[in-house]
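All remarks here apply to the structure that follows.
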Amino acid sequence: MASLRCASLAISYEYFDLLQLRKLSFKPDFTKIRSQAPKCLKVLGARSLRSKTAGHCSVAVARAAEISETSMSVSCEKDEEEVELEHRNEFLEAFFDRRGEPFEDQGLDTSCVRGIIAAGSVKSGDSVLVGPGCSTLVPELRKQLVNVMVAHWSLEVLANLKEMDDEVRCWQGDLQQLPASTAPFNAVFLGYSLAVCYSPVKLLEAAASRCSPSAKVVISYSQGRDGLTRHRQKYPHILLCDLPEEKDLRSLISTLPLELRSFTNDPNSYLAKLEVTSSKKIAMADGDFGVEFPLYATGKVVYGFGRGSKQMGIPTANLNPEDLPQELLALPKGVYYGWAQVRAPGLDTRSHMMVMNIGNRPTFADSGAVTLEVHILHDYESSNFYGEEAAIVVLGFIRLEMKFKSLDDLVGRILEDIATAKNILSSDEVLQSYQSDPFFAS
């Protein structure tokens, strides 16, 4: 593998070993590194800085030459919005590499740190995502035995965190581009991120889609909303807007699976706690009405694209949209859970746990019409259900539809969705009772 030298720090085209940081007495000059290796360190969307194995930490740098289409034609085309986001990421990376974290209060007292963490309802063993402006939370989170992933634009900011605690996982780039395979999280701390991004709604949507049901999304700023506004007057090119007032925040989340649980905005503190909703109600795109679960439906199993079993190892039954009620087809595109039954001679006709996806398959190049696919958590003697009738009871929501960069990312997230569905359906007696719903006996 070709490599370059910068002082005594070895940098390869693919990996930049952060273990070297603790062995060196000097602070790496990241500007010099980039100038000497512009091709290998060029930002191509988001890049990852994460542990490859326990005790190892390295920066995996994406290169244009290594980006290829998979056999199932994953769409890799960048639209204008993605290109704009990449340019913004490059700009923010340069700014924070040069200045560190100028907006974060590094002298935050322990009681304030614990108060922000408490808003996330974090407990030992949880997985937590920490965004820009929240690095002061990391030491306390680690004391509480929490698994932490930090997302930031700056390689230098992340390197400093890794020096302090090698067990912290890191992602360099925009939080919206965080691989789905890293989720789900029990809490997300966004800090002042809403003031930096182009679209606060899309950032909140990305955060919610990477969370488990009932997870908390916390927006905080220790110097208060007015304190960040003062910084914005000095850095308007970085801080694009103020943190939202309560009514504005409610408006931002009106079409998202998020509910505002508490809101504080005083001169010394801005703290908003959101909760990811799952099984009760999901707002529709126009925000005027909602759908109450459970939802019942029957439909014929039809031929799909053949990817579930052949390419992904996760067989799905595609239901004919013409058989399904409009209230089901009108659900927000995403992943849901419930119970399913295949009504076919010679098959197990009991109802079993299921994960349902309704959407346009945005990961694939042939995405288009809305499809409804059900993965039943049962090993049938025969998986040939074509032409047979399936009955489903949809009980709740897991996450919004997402576009994945690769087939591996997609499969990884589906397996996590399956685990989430099992956990929810196994731990709730009311949800379990639907397995014997009279609907399945009809």
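Just so you know, these numbers come straight off a predicted model, no measurement behind them.
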(request) With rounding to the nearest 0.5 Å, note down the distance linking NZ in Lys162 to CG in Leu155. (result) 12.0 Å

(message) Glu388: which residues meet the side-chain hydrogen bond (donor to acceptor under 3.5 Å, both in side chains) condition with it, sequence neighbours left out?
(response) none

(message) Quick check on side-chain contact (heavy atoms from CB on, under 4.5 Å): which of Val168, Val130, Asn147 does Leu141 satisfy it with?
(response) Val130

(request) Would you mind reporting whether Met149 and Ser127 have side-chain heavy atoms less than 4.5 Å apart? (result) no

(message) Within this structure, what is the CD-NZ distance for the pair Glu401 and Lys333, rounded to the nearest 0.5 Å?
(response) 6.5 Å

(message) Regarding Asn89 and Gln177, do their side chains bring together a donor and an acceptor under 3.5 Å, going by distance alone?
(response) yes

(message) Please determine whether side-chain contact (heavy atoms from CB on, under 4.5 Å) holds for the pair Val188 and Val128, giving the CA-CA distance in whole Å, both sets of side-chain angles, and the decisive distance to 0.1 Å.
(response) CA-CA 6 Å; Val188 176; Val128 167; over 6 Å; no

(message) On a heavy-atom basis, which atom in Ser212 and which in Pro184 lie closest, and how many Å separate them?
(response) N-CB, 3.8 Å

(request) Kindly say whether Val157 contributes a backbone atom to a donor-acceptor pair with the side chain of Ser154 at under 3.5 angstrom? (result) yes

(message) List the residues meeting side chain to side chain contact (heavy atoms under 4.5 Å, CB included) with Glu275, not counting sequence neighbours, and say none if there are none.
(response) Ser214, Lys216, Arg261

(message) Quick one: does any side-chain atom of Arg88 pair with a main-chain N or O of Val196 as donor and acceptor, under 3.5 Å?
(response) yes

(request) Please confirm whether the backbone N or O of Gln435 pairs with a side-chain atom of Ser351, one donor and one acceptor, at under 3.5 Å? (result) yes

(request) Identify, with sequence neighbours excluded, every residue that meets side-chain hydrogen bond (donor to acceptor under 3.5 Å, both in side chains) alongside Glu246. (result) Arg250

(request) Please examine the side chains of Ile392 and Val394, heavy atoms only from C-beta on, and report whether any two atoms are closer than 4.5 Å. (result) yes

(request) Give the intermediate values and the outcome of side-chain contact (heavy atoms from CB on, under 4.5 Å) for residues Leu190 and Val218. (result) CA-CA 6 Å; Leu190 291 178; Val218 180; over 6 Å; no

(message) Looking at Ala391, is its backbone amide N or carbonyl O close enough to the side chain of Gln341 to form a donor-acceptor pair, meaning the two atoms are under 3.5 Å apart?
(response) no

(request) Measure from the side-chain N and O atoms of Glu101 to the backbone N and O of Gly133, and report whether any donor-acceptor pair falls under 3.5 Å. (result) yes

(message) Treating Gln223 as the side-chain partner and Ser269 as the backbone partner, does any N or O pair qualify as donor plus acceptor under 3.5 Å?
(response) no

(request) Taking the side chain as every heavy atom from C-beta outward, state whether Gln176 and Leu203 have any pair of such atoms under 4.5 Å apart. (result) yes

(message) Side chains of Val355 and Val374, heavy atoms from C-beta outward: is any pair under 4.5 Å?
(response) no

(message) As an exercise, state the distance from OG of Ser193 to CG of Leu243, rounded to the nearest 0.5 Å.
(response) 9.5 Å

(message) Looking at Ser426 and Asn423, would you say the former's side chain and the latter's main chain have a donor-acceptor pair under 3.5 Å?
(response) no

(message) Considering only residues two or more places apart or on different chains, which pairs with a residue in residues 115-124 satisfy salt bridge (charged side-chain N to carboxylate O under 4.0 Å, His left out)?
(response) Lys123-Asp126

(request) Name all residues meeting the salt bridge (charged side-chain N to carboxylate O under 4.0 Å, His left out) criterion together with Arg142; count only those two or more places apart in sequence or in a different chain, and write none if there are none. (result) Asp165

(message) According to side chain to side chain contact (heavy atoms under 4.5 Å, CB included), who are the partners of Tyr235, at least two apart in sequence or on a separate chain?
(response) Phe95, Arg99, Phe103, His237, Ile238

(message) Could you check whether Glu389 pairs with Arg343 (Lys NZ or Arg NE/NH1/NH2 to Asp/Glu carboxylate O, under 4.0 Å)?
(response) yes

(request) Could you tell me whether the side chain of Arg399 and the main chain of Val335 form a donor-acceptor pair under 3.5 Å? (result) no

(request) Identify, with sequence neighbours excluded, every residue that meets side chain to side chain contact (heavy atoms under 4.5 Å, CB included) alongside Pro244. (result) Leu194, Asp248, Leu249, Leu252, Tyr270

(message) Which residues pass the side-chain hydrogen bond (donor to acceptor under 3.5 Å, both in side chains) test with Lys202, not counting sequence neighbours?
(response) Glu81

(message) Run the side chain to side chain contact (heavy atoms under 4.5 Å, CB included) test against Thr264 and tell me which residues pass, sequence neighbours left out.
(response) Asp266, Leu271

(request) Start with the C-alpha gap between Leu137 and Ile116, add the side-chain angles, then the distance that decides, and say whether side-chain contact (heavy atoms from CB on, under 4.5 Å) holds. (result) CA-CA 8 Å; Leu137 305 182; Ile116 296 172; 3.8 Å; yes

(request) Look at the side chain of His378 and the backbone N and O of Tyr380, then say whether any donor-acceptor pair between them is shorter than 3.5 Å. (result) no

(request) For His352 and Trp339, indicate whether the former's side chain and the latter's backbone hold a donor-acceptor pair under 3.5 Å. (result) no

(request) To the nearest 0.5 Å, tell me how far His152 NE2 sits from Asp97 CG. (result) 9.5 Å

(request) Taking the side chain as every heavy atom from C-beta outward, state whether Ile117 and Gln144 have any pair of such atoms under 4.5 Å apart. (result) yes

(message) Is there a side-chain contact between His231 and Tyr221 in this structure, where contact means two heavy atoms from C-beta onward sitting under 4.5 Å apart?
(response) yes

(message) Does anything in residues 121-143 form a ring-ring contact (aromatic ring centres under 6.0 Å, His included)? List the pairs, not counting sequence neighbours.
(response) none

(request) Would you indicate whether the side-chain heavy atoms of Leu328 and Leu372 approach each other to under 4.5 Å? (result) yes

(message) Tell me whether Lys300 is salt-bridged to Glu322, with the criterion being a basic N under 4.0 Å from an acidic carboxylate O.
(response) no

(message) Between Asp417 and Arg413, does any side-chain N to carboxylate O distance fall below 4.0 Å?
(response) yes

(request) Report the distance from atom CZ of Phe185 to atom OG of Ser209, rounding to the nearest 0.5 Å. (result) 10.5 Å

(request) Could you tell me the separation between the CH2 atom of Trp153 and the CD atom of Glu90, rounded to the nearest 0.5 Å? (result) 14.5 Å

(request) Applying side-chain hydrogen bond (donor to acceptor under 3.5 Å, both in side chains), name anything that partners Asp437, two or more places apart in sequence or on another chain. (result) Tyr296

(request) For the pair Asn265 and Asp226, evaluate side-chain contact (heavy atoms from CB on, under 4.5 Å) and give the outcome as yes or no after the intermediate values. (result) CA-CA 9 Å; Asn265 181 25; Asp226 294 341; 5.9 Å; no

(message) Holding to ring pair (Phe, Tyr, Trp, His ring centres under 6.0 Å), I want the full list of residues that pass it with His87, two or more places apart in sequence or in another chain.
(response) none

(request) Would you mind reporting whether Val393 and Phe439 have side-chain heavy atoms less than 4.5 Å apart? (result) yes

